[in-house]
**Q** 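Shown below is the structure under consideration.
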Amino acid sequence: MNYKETKAPVSTVTYDREAIEASTDNIYEAISIIAKRATQINSDLKKELVDKLDEFATYNDSLEEVFENKEQIEVSKFYERLPKPTAIAVEEWLNDKIYHRSTIDKKK
């Protein structure tokens with residue numbers, strides 16, 4: 001998924017509790033699903049960032065030389081400006097982009 005084009009807010013936003021729990025009828029279950037999705041998004045973004053930064057890596061044994069690579073700094077700043085994984089996960093949840101199913105039999 002392309003997290004760079006998300007419309008999730010960058011700053012803190014208050015959400016309607018009823019909208020969040022609407023598809024599960026349980027706020028705790030909804031938050032648990034959102035948290036798991038946020039963890040997935042975070043690991044995806046981290047892997048992507050590490051892969052991009054590895055392109056700029058220079059390997060030498062000298063600790064005295066430190067190189068400042070402007071492209072590397074720009075890539076890091078870009079990822080810092082992205083919305084937080086939790087905000088992206090909440091946006092996906094509210095737009096029904098997260099598939100979930102209950103493993104508990106509700107016929108009891």
**Q** Is any side-chain heavy atom of Arg81 closer than 4.5 Å to a side-chain heavy atom of Val10?
**A**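 No; the side chains remain at least 4.5 Å from each other.
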**Q** Looking at Lys4 and Glu48, is there a salt bridge between them, counting it only when a charged N and a carboxylate O are closer than 4.0 Å?
**A**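 The answer is yes: the pair qualifies as a salt bridge.
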**Q** Do the side chains of Tyr3 and Pro83 get nearer than 4.5 Å, heavy atoms only?
**A**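 Not touching, per the 4.5 Å side-chain cut-off.
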**Q** Could you check whether any side-chain heavy atom of Leu82 comes within less than 4.5 Å of a side-chain heavy atom of Leu45, counting everything from C-beta outward?
**A** yes
**Q** Roughly how far apart are Glu55 CD and Lys52 NZ, rounded to 0.5 Å?
**A** 7.0 Å
**Q** If two hydrophobic side chains count as joined below 4.5 Å and joins carry through other members, does Leu94 share a cluster with Val13?
**A** yes
**Q** Just verifying a value: how many Å separate Thr39 OG1 and Asp44 CG, rounded to the nearest 0.5 Å?
**A**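 Those atoms lie 11.0 Å apart.
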**Q** Give, for atom OG of Ser32 and atom CG of Asn26, the distance between the pair rounded to the nearest 0.5 Å.
**A**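 Ser32 OG to Asn26 CG: 9.5 Å, rounded to 0.5 Å.
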**Q** Which atom pair, heavy atoms only, marks the closest approach of Pro9 to Ala87?
**A**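 Heavy atoms of Pro9 and Ala87 come nearest at O-CB, 3.6 Å.
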**Q** Could you state the interatomic distance from CD1 (Ile20) to CD1 (Ile33), rounded to the nearest 0.5 Å?
**A**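 So the CD1 of Ile20 and the CD1 of Ile33 are separated by 12.0 Å.
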**Q** Once side chain to side chain donor-acceptor pair (under 3.5 Å) is applied, do any residues pair with Ser76, and if so which ones, sequence neighbours excluded?
**A** none
**Q** Would you say the side chain of Ile88 lies within less than 4.5 Å of the side chain of Glu92, judging by non-hydrogen atoms?
**A** yes
**Q** Might you point out which heavy atoms bring Ala89 and Ile34 nearest each other, and give the distance in Å?
**A**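 In terms of heavy atoms, the two residues are closest at CB-O, 3.6 Å.
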**Q** For Asp96, what residues pass the side chain to side chain contact (heavy atoms under 4.5 Å, CB included) criterion, not counting sequence neighbours?
**A** none
**Q** If we count only N and O atoms by modelled type, under 3.5 Å, do the side chains of Glu21 and Tyr28 hold a donor and an acceptor together?
**A**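 No - no donor-acceptor pair under 3.5 Å links their side chains.
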**Q** Do the side chains of Ile31 and Trp93 get nearer than 4.5 Å, heavy atoms only?
**A**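 The answer is no; the side chains never approach within 4.5 Å.
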**Q** Begin with the C-alpha distance, continue with both residues' side-chain angles, and end with the deciding distance and a verdict on side chain to side chain contact (heavy atoms under 4.5 Å, CB included) for Lys77 and Ile73.
**A** CA-CA 6 Å; Lys77 284 183 179 180; Ile73 293 170; 3.8 Å; yes
**Q** Enter the distance from Leu49:CG to Asp54:CG here, rounded to the nearest 0.5 Å.
**A** 9.5 Å
**Q** Can you run down the side chain to side chain donor-acceptor pair (under 3.5 Å) pairs that involve residues 6-16, sequence neighbours left out, and say none if there aren't any?
**A** Thr6-Glu91
